[in-house]
Amino acid sequence: MPISAPLMSHFEHPELIHHQSYINGKWVDAFSGDTFAIINPSTGEHLIDMTNVGAIETNNAIAAAQAALAEWRKVLPKEKARLLRKWHQLIIDNQDDLARLMTLEQGKPFAESKGEVLYGASFIDWFADEARRLYGDVIPTFAQDKRLLTVKQPVGVVAAITPWNFPIAMITRKAGPALAAGCTIVIKPSDETPLCALALAELSHQAGIPAGVINVVVGKNAVEIGNVLTSHADVKKLSFTGSTPVGKLLLSQCAQTVKRTSMELGGNAPFIVFDDADLDAAVEGAIASKYRNAGQTCVCANRMLVQAGIYDAFSKKLAARVQELSTGDGFNDKVQIGPLINNAAINKVSELVESAIQNGATALVGGKPADALGTRFYEPTVLTGVTQDMSIFHREIFGPVAPLLKFETEAEAIAMANDTPFGLASYFYSQNIARIWRVSEALDYGMVGINEGIVSTEVAPFGGIKESGSGREGSKYGIDEYVEIKYLCMGGLS
Ligand code: NAP
């Protein structure tokens, strides 16, 4: 049996749980008959055997999306909005089951999972409205007998490749605007977290979104599936969220057919605390930004840069707060820090921390795997005495570890913050209005949190610069990624 009985019994709507890919409105097995196991990262429990699709099924999904495109692009905006709103409502109605699936396969605490379900749903709701606002322009003419216009048309079939750290929101941020613009989509979720993606597909089916408009291919061989998605002539756009090295590879693959791309890649967020900051607010912002999802977010504070005058007070207070954080299984409602996604993640975090300590840093709290809880837990950690020459300063940690560095001047803080090829999120705390403007403008990042540790919302543009990617998700700009602007020149009007 592919699904364990204990797993099923937790769900109000077990029909949300699927182990097959969703192609052209149908649930399909792999031609090869292959399966792979989905594991609960918290307990190591085997959750389900997932069918393992590859190139053949991905080609079929693209063919289905291409066939559905002709009708979907003609659906009136009001009707598209109605279907998206229905999908949104079903996600809301099933939020507990979706959050359960997320905690099971991804590990984040149940309350956080519920938060992500609502956050993910908000993109569908937002873009349902945007579907009705895809205006073109009438351009003042350059000649008496001509009139000039622009119209916005769907890009076509979109491929979406998404990561495991936000198994629902990273999909809805792409599917919402793609569908609203009149595109159809083939989604390849991470092989760590396909259950949430397939549950979203089930709900889109229940909402009445036509066959072929949304397709989800689940397979262990990301390279094989990725090769098809990036080389197929019918795929006109790739929207990728994941690591910078994979993003670079996919960009090069897309170059062969000159596809449109949106790249939401890795980060190395600075979190700067100036002497004039509200200390309590800065500590709470640091907790929210750093330890959410056990530090596994692209916008997590990765480097805490603290001015000399407030360094000791900040590190003491932060360490005391981190000491209070409870680590364990996400279904325990006292737990704030769940497991890391896999053993490779534990090894990477351990190496970065050990190397920092060997080179002179000190762990005020934590500093090692929480072995007593299982193989994939890491103690919430605060490191002081970190310096710019340590690898932890330059690499995305993706774990519950806050490295603290001391600086003297504002110029030094900005130089340290910008000393990275990444440019996704950044944060700083100050109560000086002139400094707030200076620093906001000097930070080379796509997003700046000012006296705020959480910036993500569907109403604002999310995205990075430099090697953190290109394109924006959410907000009034998000739909632009899925449309072509066509220029119409009408002559002979005299
Ligand atoms: P990843 O290893 O780059 O994987 C992301 C997705 O790409 C997964 O679906 C993965 O499949 C797939 N993939 C991997 N290699 C591929 C290849 N050669 N061809 C085609 N697809 C391939 O990243 P991750 O570890 O899942 O996610 C963490 C990273 O995502 C971090 O760097 C984080 O900063 C970034 N991220 C960025 C944002 C943003 O908005 N900027 C948001 C969230 C996360 P499998 O998982 O099945 O191997």
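Residues take their numbers from the sequence shown, with the count starting at 1. Whatever order the structure lists them in is the order used to number ligands and atoms, beginning at 1.
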Discussion item. I'd like to check the ring-ring contact (aromatic ring centres under 6.0 Å, His included) partners of Phe393; sequence neighbours left out, ordered by chain and number.
Written reply: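 Once residues adjacent in sequence are excluded, Phe393 has no partner under the ring-ring contact (aromatic ring centres under 6.0 Å, His included) criterion.
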
Discussion item. With no hydrogens and no angle check, just 3.5 Å: does a side-chain donor-acceptor pair link Gln358 and Glu354?
Written reply: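 Their side chains do not contain a donor-acceptor pair, so the 3.5 Å distance test is not met.
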
Worksheet item: How about Asp29 and Gln20: does a side-chain donor come under 3.5 Å of a side-chain acceptor?
Response: yes

Worksheet, complete the sentence: By side-chain contact (heavy atoms from CB on, under 4.5 Å), Glu130 pairs with (sequence neighbours left out) Trp126, Phe127, Arg133, Lys476, Ile479

Donor-acceptor contacts, no H, no angles, side chain residues 235-250, under 3.5 Å, sequence neighbours left out:
residue : atom : partner : partner atom : Å
Lys236  : NZ   : Ala233  : O            : 3.0
Lys237  : NZ   : Ser262  : OG           : 2.4
Lys237  : NZ   : Glu481  : O            : 3.0
Ser239  : OG   : Lys174  : NZ           : 3.0
Ser239  : OG   : Tyr482  : OH           : 3.3
Thr241  : OG1  : Lys174  : NZ           : 2.7
Thr244  : OG1  : Gly266  : N            : 3.2
Thr244  : OG1  : Glu467  : O            : 2.9
Lys248  : NZ   : Glu467  : OE1          : 2.8

Item to complete: On the 0 to 90° scale, with breaks at 30° and 60°, tag the Phe331-His10 ring pair as parallel, tilted or perpendicular.
Response: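 Parallel.
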
Item to complete: For ligand 1, would you mind listing the residues that have at least one heavy atom less than 4.0 Å away, ordered by chain and number?
Response: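 These residues qualify: Ile161, Thr162, Pro163, Trp164, Asn165, Met170, Arg173, Lys188, Pro189, Ser190, Asp191, Ala222, Val223, Gly226, Phe240, Thr241, Gly242, Ser243, Val246, Leu249, Leu250, Glu264, Leu265, Gly266, Gly267, Cys298, Glu396, Phe398, Leu424, Phe462.
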
